[in-house]
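Below: one structure, written as C-alpha cells.
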Amino acid sequence: ATIAKRKQPTETFNVVKAFTRLLQGYFSTQINTVQVKPRKPDSVEVAGVLNDLVNDVIAKNQFATIYDNLKKDLMLTGMMVVYIDVVETGEKDSFVRPRYFIEIDRVPPREVRLDPMSRRADYGDAGVIHRFKWLSADSIKDKFGASWLNKLDAGVIALPTRLLQSQKDS
C-alpha cells in the first residue's frame, strides 16, 4: 500500500548488483597469476623458488576468495586494499631458524581514508593512507587499559565517543 501511494514500481531490479556480477564473471575467465621471471640465465632457479613461494602464500591465504571480494570493492568503490603481514608461527626449521607465515587479507574500503591533500588522480603524491577500526569500550580496556577509556570519555583525546557511549548504555 505504501509503495502504491508513493507511485513506486512494485518490482525493482538491483542494476549495480547485476552489473557487478557480470563483470566478476568476465574477470573470472581471465588468467591472473603472479609470475616471477628470471632476468638472467643464472637466476632461473631463484625465480622457480620464488614462484613456488608466491603460489604457496596465495594458496594458504585462500586468495581466490579474497580476490573475488577485492574485485567487488574495486567495482563498487574504485578502491581495493590488501593487508600483508609477516607473522611468527612459533615453529623452528631444521636449522633452528624461526618460521614465519605471510598473511594476506582484504581491507574493507570503509576502513580506509586516502590523503585529502593528494592532488593526483592515482594518489601517487599521497603522504598517507590511513586505516581505522571502531573499538568497543571493552576492547579499549583490554588493549590499552581503563585510563585510555577514561581519557576518551572525558574528551581529552579528540575521537568520536558515540560508540563508546552506546556500549555503556547497554
Any side-chain heavy atom of [X] within less than 4.5 Å of one from [Y]?
X: Arg21; Y: Phe19; result: no
X: Arg106; Y: Met80; result: no
X: Glu103; Y: Asn61; result: yes

Quick one: [atom1] on [X] to [atom2] on [Y], what's the gap to the nearest 0.5 Å?
X: Ile102; Y: Leu53; atom1: CD1; atom2: CG; value: 5.5 Å
X: Lys71; Y: Leu76; atom1: NZ; atom2: CG; value: 13.0 Å
X: Ile58; Y: Ile104; atom1: CD1; atom2: CD1; value: 6.5 Å
X: Ile66; Y: Asn69; atom1: CD1; atom2: CG; value: 8.5 Å
X: Ser43; Y: Leu50; atom1: OG; atom2: CG; value: 9.5 Å

**Asked** Are Lys72 and Asp68 close enough for a salt bridge, meaning some N to O gap below 4.0 Å?
**Response** no
**Message:** Salt bridge check, Asp122 against Arg120: does any charged N sit closer than 4.0 Å to a carboxylate O?
**Reply:** yes
**Complete:** Between Ala47 and Val36, the two heavy atoms sitting closest are CB-O, 3.7 Å
**Prompt:** When Ile, Leu, Val, Met, Phe, Trp and Tyr are grouped by side-chain heavy atoms lying under 4.5 Å apart, directly or through other members, which residues fall in the same group as Tyr123?
**Reply:** Met79, Val81, Tyr83, Val107, Val112, Leu114, Ile129
Closer than 3.5 angstrom, by distance alone: can the side chain of [X] be matched with the main-chain N or O of [Y] as a donor-acceptor pair?
X: Thr29; Y: Tyr26; answer: yes
X: Arg97; Y: Ser94; answer: no
X: Thr89; Y: Arg99; answer: yes
X: Asp93; Y: Phe95; answer: yes

Take a 6.0 Å sphere around [atom1] of [X] and say whether it holds more than 12 heavy atoms from other residues, nucleotides or ligands.
X: Phe101; atom1: CZ; answer: yes
X: Gln24; atom1: CD; answer: yes
X: Phe132; atom1: CZ; answer: yes

**Asked** In the single-linkage hydrophobic clustering (I, L, V, M, F, W, Y; side-chain heavy atoms under 4.5 Å), do Met75 and Leu22 co-cluster?
**Response** yes
**Message:** Please say yes or no: joined through hydrophobic side-chain contacts below 4.5 Å, possibly via intermediate residues, are Val34 and Val49 part of one cluster?
**Reply:** no
**Asked** By salt bridge (charged side-chain N to carboxylate O under 4.0 Å, His left out), which residues pair with Arg131, not counting sequence neighbours?
**Response** Glu111
**Message:** Apply side-chain contact (heavy atoms from CB on, under 4.5 Å) to residues Asn55 and Phe63 and explain how you reach the verdict.
**Reply:** CA-CA 10 Å; Asn55 289 331; Phe63 195 72; over 6 Å; no
**Item:** Which residues share a side-chain hydrogen bond (donor to acceptor under 3.5 Å, both in side chains) with Arg110, sequence neighbours left out
**Value:** none
